[in-house]
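All values below come from the heavy atoms of this structure, side chains included, with hydrogens, waters and symmetry mates left out.
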Amino acid sequence: MEDILTTALIESALKNKTEVLLLPSVDSTNNEAKRLIKSGRNTELLIVSEEQTAGRGRQGKSFYSPKNTGIYMSLILFFENGSEELLKITTEAAVAVSRAIETLSSKAAKIKWVNDIYIGGKKVCGILCESVKSVDGKTAVIIGVGVNINTAEFPESVENGGSIGSEISRASLVCEITDELYRAVFSGGDVIPYYRSRSVLTGKRIYFIKDGVKTPATAVDIDDRGGLVVLLENGEKQTLISGEISVRTE
């Protein structure tokens, strides 16, 4: 059976009723969100595209986004009182996506700090949260999510790419993730215990790259704000709120 996406199908299944913009193709759903905000958009919107021609991830990386095998979406939320912490929202988004995957499949989702979701040791999802000002002075937070559902082949440039590999309809996953995002961001509940329980880095020897400097360390915890607590080789502890992480293999 063909796995179709329609605006009506998504809007009818959403528990949190949100306007939906469905596109056949776009460079990046986050880019489209920014364009709409700059042109005057000041209310919540869910953007979904069948494919992305220039999908973006954190640290300037690309996200492979072919037709029919995954979902590519951005949820625009607005906040009146200044900038929300992007680390907090990224943490909440990782929990939301993990919960959605586990609700709709039998697969156990794991989180690699700060924004990647893994299943069976393979990356199946990337999250990119960005903050911009709307024309009327509100803070717009764009939560971009790309998930590989049944993507079977990846270009050589994609490292360790994988898929959920389950018979999940794209519309169902879009709606489940969206509803979980609202729950995580606005319910006031504590997502950190869940995040810690799914962390793949805790206890691992890692490198982190910050300001162009590569530093060896051991990941020891996730703090209450979603920061990664690391133990340096000199015995000093640091808490990272951004940066690129890789697991040491030696």
Side-chain angles (χ1 to χ4, degrees), residues 2-11 14 18-78 83-84 86 89-90 93-94 96-97 100 114-117 122-135 138-164 168-171 173-178 181 242 244:
E2 187 179 3
D3 183 12
I4 61 170
L5 280 176
T6 68
T7 303
L9 187 60
I10 296 170
E11 288 184 337
L14 284 171
T18 307
E19 183 182 348
V20 176
L21 172 63
L22 178 62
L23 303 170
S25 182
V26 72
D27 55 348
S28 155
T29 56
N30 270 32
N31 286 352
E32 181 66 13
K34 288 182 177 180
R35 288 190 287 265
L36 290 171
I37 293 164
K38 288 180 180 179
S39 67
R41 179 84 195 190
N42 62 0
T43 55
E44 295 175 357
L45 179 68
L46 174 62
I47 303 169
V48 182
S49 184
E50 291 276 3
E51 68 171 350
Q52 295 182 122
T53 58
R56 297 189 294 113
R58 291 178 74 249
Q59 307 293 332
K61 294 182 178 179
S62 62
F63 189 88
Y64 181 54
S65 312
K67 287 183 179 179
N68 302 324
T69 65
I71 62 167
Y72 320 110
M73 56 183 277
S74 293
L75 179 64
I76 305 174
L77 301 176
F78 289 88
S83 179
E84 293 292 301
L86 284 187
I89 291 182
T90 301
V97 173
V114 59
N115 67 324
D116 293 336
I117 309 301
K122 299 286 188 180
K123 177 181 172 179
V124 302
C125 169
I127 297 165
L128 178 62
C129 295
E130 299 180 286
S131 176
V132 296
K133 283 290 184 183
S134 65
V135 294
K138 294 180 182 178
T139 296
V141 174
I142 304 164
I143 306 173
V145 178
V147 184
N148 307 321
I149 300 177
N150 287 302
T151 309
E153 297 182 0
F154 295 88
E156 291 183 1
S157 59
V158 176
E159 295 181 9
N160 204 31
S163 297
I164 298 174
I168 301 173
S169 78
R170 290 180 294 158
L173 189 56
V174 166
C175 294
E176 193 70 29
I177 288 174
T178 302
L181 283 171
S242 64
E244 185 175 353

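With sequence neighbours excluded, the residues that form a salt bridge (charged side-chain N to carboxylate O under 4.0 Å, His left out) with Glu50 are Arg170. Scored by the side-chain contact (heavy atoms from CB on, under 4.5 Å) test, Ser28 finds Asn30, Asn31, Gln52, Arg56 as partners (sequence neighbours excluded). For Pro155, the side-chain contact (heavy atoms from CB on, under 4.5 Å) partners are Tyr64, Ser157, Val158, not counting sequence neighbours. Under the side chain to side chain donor-acceptor pair (under 3.5 Å) criterion, Lys122 pairs with Asn160, sequence neighbours left out. Partners of Thr69 according to the side-chain contact (heavy atoms from CB on, under 4.5 Å) rule, which considers only residues two or more places apart in sequence or in another chain, are Pro66, Tyr72, Thr151. Taking Thr18 as the reference, Tyr182 meet the side chain to side chain donor-acceptor pair (under 3.5 Å) condition, with sequence neighbours excluded. Partners of Ala100 according to the side-chain contact (heavy atoms from CB on, under 4.5 Å) rule, which considers only residues two or more places apart in sequence or in another chain, are Leu173, Glu176, Ile177, Glu180. In this view, Lys34 and Glu130 satisfy the side chain to side chain donor-acceptor pair (under 3.5 Å) rule, not counting sequence neighbours. In this view, Glu11 satisfies the side chain to side chain donor-acceptor pair (under 3.5 Å) rule with no residue, not counting sequence neighbours.
Taken to the nearest 0.5 Å, the CG atom of Leu9 stands 7.0 Å off from the SG atom of Cys175. Here the CD1 atom belonging to Ile10 is positioned 10.0 Å from the CG atom belonging to Leu21, to the nearest 0.5 angstrom. From Thr29, atom OG1 reaches atom CD1 of Ile71 across 10.0 Å, with rounding to the nearest 0.5 Å. Put simply, CG on Leu75 and CD1 on Ile89 are 10.0 Å apart, with the number rounded to the nearest 0.5 Å.
The salt bridge (Lys or Arg N to Asp or Glu O under 4.0 Å) pairs that include a residue from residues 139-163 number zero, where partners must be two or more places apart or lie in different chains. Residue pairs meeting the salt bridge (Lys or Arg N to Asp or Glu O under 4.0 Å) criterion with at least one member in residues 37-47, sequence neighbours excluded: Glu19-Arg41. Residue pairs satisfying the salt bridge (Lys or Arg N to Asp or Glu O under 4.0 Å) criterion with at least one member in residues 20-32, sequence neighbours excluded, are listed as follows: Asp27-Arg35, Glu32-Arg35.
Using a 4.5 Å heavy-atom cutoff, the side chains of Ile37 and Ile76 are in contact. Counting heavy atoms from C-beta outward, Val48 and Leu46 have side chains that approach closer than 4.5 Å. Contact annotation: the side chain of Leu36 approaches that of Ile47 to within less than 4.5 Å [non-hydrogen atoms, C-beta and beyond]. Counting only heavy atoms from C-beta outward, the side chains of Ser131 and Thr139 approach each other to under 4.5 Å. For the pair Ile143/Leu77, a side-chain contact is recorded, criterion being any heavy-atom separation below 4.5 Å from C-beta on. At a threshold of 4.5 Å between non-hydrogen side-chain atoms, the residues Asn150 and Ile164 do not count as touching. Between Leu14 and Val20 there is a side-chain heavy-atom pair separated by less than 4.5 Å. Side-chain atoms of Ile127 and Cys125, non-hydrogen and from C-beta on, do get closer than 4.5 Å to each other.
At least one donor-acceptor pair closer than 3.5 Å links the side chain of Asn148 to the backbone N or O of Gly162.
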_What verdict does the side-chain hydrogen bond (donor to acceptor under 3.5 Å, both in side chains) test give for Glu51 and Ser65, after you've listed the backbone C-alpha separation in whole Å, the side-chain angles of each residue and the deciding distance to 0.1 Å?_
CA-CA 5 Å; Glu51 68 171 350; Ser65 312; over 6 Å; no

_Stepwise side-chain contact (heavy atoms from CB on, under 4.5 Å) check, Ile142 with Cys129_ = CA-CA 6 Å; Ile142 304 164; Cys129 295; over 6 Å; no

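When every heavy atom of Thr178 is checked against every heavy atom of Val174, the shortest pair comes out as OG1-O, 2.8 Å. Looking at every heavy atom in both residues, Ser134 comes nearest to Phe78 through CB-CE2, 3.9 Å.
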